[in-house]
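Computation of the quantities below employed the complete heavy-atom set of this structure, encompassing side-chain atoms and omitting hydrogens, waters and symmetry-equivalent molecules. Only a predicted model underlies this, so the values are computations on that prediction, with no experimental measurement involved. In each ligand, atom 1 is the first atom listed, and ligand 1 is the first ligand listed.
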Amino acid sequence: MPLHEAVEGAQWWRSGAIYQIYPRSFADANGDGMGDLKGITQRLSSLAALGIDAIWLSPFYRSPQKDAGYDVSDYVSVDPLFGTLEDFDEMVTEAHRLSLRVMIDLVPNHSSSEHEWFQKALKAGPGSRERSYYHFKDGKGDDGELPPNNWQSMFGGPAWTRVEDGQWYAHLFDSSQPDLNWENPQVREEFEKILRFWLDRGVDGFRVDQPHAMAKAEGLPDHPYVDEAGAGFIEGRENPPMWFQDSVHEIFRDWRKILDSYPGDRAMCGEAYVLPLSFMALWVRPDEFHQTFNFRFLDAGWDRQALVSAIDESFEAFDAVGAPSTWVLNNHDVLRHVSRFGGDYGRTTASDGVGPNNPQPDNVLGLQKARAATLFMLGLPGASYLYQGEELGLPDHTTIAEEHRQDPTFFRTSGQRVGRDGCRVPLPWEMGNASNGFNQTGKAWLPQPDSYAALSRDQQQDKDGSTLTLYQLALKLRKQFQLGEGSFDWVSKTEALSYQNGKVQIVHNFSSEPKKLTGEVVISSMPLSKDGSLLPNDTAWVLV
Ligand code: NOJ
């Protein structure tokens, strides 16, 4: 019996290739330097041609944009920066016409401090019904001048900010992102309405931001090992009071019922950074999330042993509850895999970003490895998430000047952590103007590095050996051989790491030596030896 068995007639979210659009940087129709929904609609056909099954859009809601839209001030609107609700509807219609499903990002752990709920809470004062939408508390010390507990913000600094009347409110991220109080049934009702609003508009699902932070331990006690873990947690240790509390699960059970009450296959993917994976599996039981991001796989990086255990653990954990595993190498929060594999960066640096003063990646080596890693990933059964621009082999922009920085992490740490701007730079479409076709004006909210011109989509389209062509071929094969719905078994866990998915065998050569191949190679991430019998230090797909 294979380690993982094929799933017949799987729903789209079990097996799809889901492409993350970061609306600020995808395509800019009105030329103001900021991507928009019309830009997305106009460019959707290139995504259909790429061969993906669904798109996931990062937030486009009304927002003061303190955390690039993950600070929402109106959950049922479109920010004028990105367009209108009509633009949104047109985008969904066009996506569906092209047989692409549409997932949108829901940000329930915190709102923007400009949301009317928070503004009302500020006005209403301590003890009010309005304040109970958030975590307001009195401080410690004689005059309440100290924060109520020792929690730290993920973006650096304390997780508490004091308001004029002396109370403090909790924010696990920026001070402009107050955490909502999910113990309050009214907050739950508000979000059920929000879910329905978007489901009624035809979305196929949600990517849910920071779901593992939504429930907090009663009384908001101190983080027991904050000195070691900072704002986070340490795998295998008792969980801190702000991460993965048991009471959170009932929220998603309620949401699941709502999704299930709609026609079609609507799905939720949780950005649940929960480890170990056996614990994460509790999030994808049949009546909760449909799937969660598999950050264990992303974190495994270029380490063969780590990759093997990530894959083994994933199938073991998710198969036990009947959920698909997901696979992901990139998103808008980590150094792009080309740059990650082109340097010696641990996970922390990868999320903190690389700036002009850090050691720079070797993006040539990185690209070779990144292409291999992607081929290896796209053959795995389960849903694969791709992040815009990885199909072009884009590196991170690792030399952005300070004056362009936008990420709150940069400001909250006085520049010590440069933040995530480097992976969020506007896409190059056609080599030419200053933004390489991101728009007609050449304006861009973040500048592109020089290397993006030659990597523009038009330079790679229909070119043998280009990264774009590689992605396109890999996605085509994935469909042709139904790899997303397929089975998995290891063929070899040695340096020529390989697995079998149905008729297809995928080999990833981790050694420094070329490896002998047996079988017909249908695609390889780098050219094979002249006679086609040797696999260099990268990946090939072999038909057996
Ligand atoms: C995770 C999102 O991916 C990230 O971009 C954001 O800053 C935090 N959640 C806070 O919403």
Side-chain angles (χ1 to χ4, degrees), residues 18-26 35 56-73 75 79 103-115 118 134 151-157 159 170-180 182 191 194 206-214 216 230-233 242-244 248 268-274 289 292-295 298-299 326 328-336 347-348 350-353 385-388 396 405-413 417-425 445-446:
I18 304 169
Y19 180 101
Q20 179 186 0
I21 291 183
Y22 196 64
R24 300 179 136 241
S25 297
F26 186 72
W56 143 38
L57 262 72
S58 280
F60 48 79
Y61 316 105
R62 195 176 278 275
S63 157
Q65 305 288 328
K66 294 278 192 310
D67 183 22
Y70 283 91
D71 49 320
V72 181
S73 57
Y75 289 91
D79 195 290
M103 294 176 92
I104 60 172
D105 217 310
L106 190 68
V107 191
N109 176 65
H110 43 264
S111 73
S112 157
S113 53
E114 288 186 22
H115 196 290
F118 192 76
Y134 295 89
W151 294 5
Q152 297 295 299
S153 150
M154 292 296 284
F155 293 158
H171 52 86
L172 291 179
F173 295 90
D174 190 47
S175 56
S176 63
Q177 295 165 295
D179 278 40
L180 285 156
W182 280 88
F191 271 86
I194 294 165
F206 301 94
R207 175 266 190 189
V208 181
D209 191 69
Q210 301 293 151
H212 52 310
M214 286 160 68
K216 316 283 194 281
F233 66 94
M242 68 291 267
W243 299 120
F244 29 89
V248 82
M268 302 187 283
C269 177
E271 190 218 14
Y273 197 90
V274 179
F289 277 102
T292 45
F293 287 117
N294 190 345
F295 293 121
L298 189 151
D299 290 345
T326 63
V328 61
L329 288 165
N330 291 288
N331 63 37
H332 64 292
D333 291 328
V334 288
L335 205 62
R336 286 180 175 279
R347 174 61 148 113
T348 313
S351 313
D352 289 351
Y385 279 83
L386 300 170
Y387 174 51
Q388 67 177 39
D396 240 58
R405 291 276 166 208
Q406 310 265 341
D407 188 342
T409 313
F410 179 80
F411 301 103
R412 289 185 66 86
T413 61
R417 292 160 59 189
V418 294
R420 302 156 294 176
D421 295 321
C423 61
R424 300 175 171 180
V425 171
W445 71 281
L446 279 175

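With a heavy-atom cut-off of 4.0 Å, F155 touches ligand 1 through its side chain alone. Of the heavy atoms in K66, none comes closer than 4.0 Å to ligand 1. Contact annotation: for M154 versus ligand 1, there are no heavy atoms closer than 4.0 Å. Looking at R424 against ligand 1, only its side chain comes within 4.0 Å, counting heavy atoms.
For the atom pair CZ (R347) and CG (L335), the distance works out to 10.5 Å, reported to the nearest 0.5 Å.
Scanning all heavy atoms of the two residues, the minimum distance from D105 to S58 falls at OD2-CA, 3.6 Å. Contact detail for Q20 and H332: the closest heavy-atom pair is NE2-ND1, 2.9 Å.
For the residues D174, D67, D71, the heavy atom positioned nearest atom 6 (C) of ligand 1 is part of D67.
Protein heavy atom closest to atom 11 (O) of ligand 1, with residue, atom name and distance, is D209 OD2, 2.7 Å. Protein heavy atom in closest approach to atom 5 (O) of ligand 1: D333 OD1, 2.7 Å.
Aromatic ring pairs are classed by plane angle as parallel below 30°, tilted from 30° to 60° and perpendicular above 60°; the pair W56 and F293 is tilted. Relative ring orientation between F173 and H110 is described as tilted, the plane-to-plane angle lying within the 30° to 60° band.
Annotation: side chain of L57 is not in contact with side chain of F26 (no heavy-atom distance under 4.5 Å).
The backbone N or O of Y273 lies less than 3.5 Å from no partner atom in the side chain of W243, so there is not a single donor-acceptor pair. Put simply, the side chain of W151 never gets that close to the backbone of A170: no donor and acceptor are under 3.5 Å apart.
Every atom of ligand 1 with a heavy atom of R420 under 4.0 Å away is listed here by number and element: 4 (C), 5 (O), 6 (C), 7 (O). The contact set between ligand 1 and H110, taken as ligand atoms under 4.0 Å from a residue heavy atom, comprises 10 (C), 11 (O). Which parts of ligand 1 touch E271 is read off a 4.0 Å heavy-atom cut-off, strictly below it: atoms 1 (C), 3 (O).
For the pair R207 and ligand 1, a heavy-atom separation below 4.0 Å is found.
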